[in-house]
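To keep things clear, I will list the structure first and then write my remarks on it.
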Amino acid sequence: MAIRVARTHGPLGAEIEGVEVARPLEAETLAAIGKAWLEHLVLVFRGQSLDDAGLVAFSRRFGRLEKAPVAEKAVGVVHVPRLPEVTVVSNVVEGGLPLGSLGDGELSWHSDMTYLATPPPASILYGIEVPPDGADTWFNNMYLAYEKLPAALKERIKGLRSNHTSSYTSAGTLRQGYENVTDVTRAPGTMHPLVIEHPGTHRKALYLGRRQHGYIEGLSLAESEALLDELWAHATRDEFAFAHKWRQGDVVMWDNRCVMHRRDAFDPSVRRILHRTQLLSLEIH
Ligand code: OGA
Ligand code: MN
């Protein structure tokens, strides 16, 4: 299979043409996808047709899978039956039961599950039912965000770590089993460096996780808030981002180490169903 890589007009992202992800992939094709992924950070495969087992099989070509995260209190089930690796992201409610998590509201900028000590290096999202327009998912380039930091700010954040809080989803809702955070200096989560080196490219990336209830270790609360605000205002500038406009059948995979994402709120009366896998380890790079 000869693959074609067509980059987006933004500062990251490329469409991969000539690959049917439901079919077995030759080693050569896989290597070409891996190379494009390192270079473009977000890959989009249009017009795919997958069932959940197929999504799992495709995802496993890149490494072992992590289980679906703990969802918001109101949502009982977030993975598909018998496949704990497949997270359901949906606003659809059937017979009083939500099909999945994250609703129809805005999702703020975040990387997936970075509240874990070893966060997923990548996530893969498959669009099963998507609205004709809206509900765009935005991605940003955190290598670029790091490179464009003023030199003094780069110096100031050297060696600092921040807490990535586990208590809330990117929709801002409390996860099942968690309590509201009243003191961010003691919130549950994991401390990660503000700057990481990507193991595949050896490039430095700003690593922020999510803004809500974040805290920079060793600083006063006021200093931490001010520095986080400054870093977030910079990292979330439009010039580092592009919006993915969904079509049914899209498979979108992103590098969770050097990319953050967010989603626009959308019309609650339309149906949106996406299935996601998240990698536990990435075995290609
Ligand atoms: C996710 C996520 C974005 C979306 O699945 O990790 O953030 O567009 N979803 O629903
Ligand atoms: Mn996410």
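Since we're looking at a predicted model, the values are computed, not measured. FYI, side chains are in, hydrogens and waters are out, and symmetry mates aren't considered; it's all heavy atoms of this structure. Order of listing sets the numbers, starting from 1, for every ligand and every atom in it.
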Requested in this report: May I ask you to decide if the ring planes of His164 and His192 are parallel, tilted or perpendicular, using 30° and 60° as cut-offs?
Outcome: perpendicular
Worksheet item: Does the side chain of Ser108 come under 3.5 Å of the side chain of Glu106 through a donor N or O and an acceptor N or O?
Response: no
Do Glu147 and Arg203 meet the salt-bridge criterion of a basic N to acidic O distance under 4.0 Å?
-> yes
Note: ligand 1 atoms sitting under 4.0 Å from heavy atoms of Val89 are 5 (O), 10 (O)
Nearest non-hydrogen protein atom to atom 6 (O) of ligand 1, with distance, is Arg276 NH1, 2.6 Å
If we number the atoms of ligand 1 from 1 as shown, the ones under 4.0 Å from a heavy atom of His261 are 1 (C), 2 (C), 6 (O), 7 (O)
inquiry  = Any salt bridge linking Arg271 with Glu94? Criterion: basic side-chain nitrogen under 4.0 Å from a carboxylate oxygen.
reply    = yes
Checklist line | Close approach of Arg262 to ligand 1, heavy atoms, under 4.0 angstrom | finding: no
If you scan protein heavy atoms around atom 3 (C) of ligand 1, the nearest is Leu107 CD1, 3.7 Å
From the list Arg276, Arg262, Arg210, salt bridge (Lys or Arg N to Asp or Glu O under 4.0 Å) partner of Asp112 resolves to Arg276
Short version for Thr87: what comes under 4.0 Å of ligand 1, heavy atoms counted, is neither
Atom 8 (O) of ligand 1 sits nearest the protein heavy atom Thr137 OG1, 2.5 Å
Looking at Asp112, the N/O/S atom that lies nearest to the Mn ion (ligand 2) is called OD1
- Query: Do any nitrogen or oxygen atoms of Asp112 lie less than 3.5 angstrom from nitrogen or oxygen atoms of ligand 1?
  - Reply: yes
**Message:** Can you confirm whether the side chains of Asn163 and Tyr115 place a donor and an acceptor under 3.5 Å from each other?
**Reply:** no
Which of Arg46, Arg4, His40 passes side chain to side chain donor-acceptor pair (under 3.5 Å) with Glu15? Answer is Arg46
So the atoms of ligand 1 within less than 4.0 Å of a heavy atom of His110 turn out to be 7 (O)
Exercise. Would you say Arg272 contacts ligand 1, with heavy atoms under 4.0 Å as the rule?
Worked result: yes
Here the pair of heavy atoms bringing Leu12 nearest to Phe139 is CD2-O, 3.7 Å
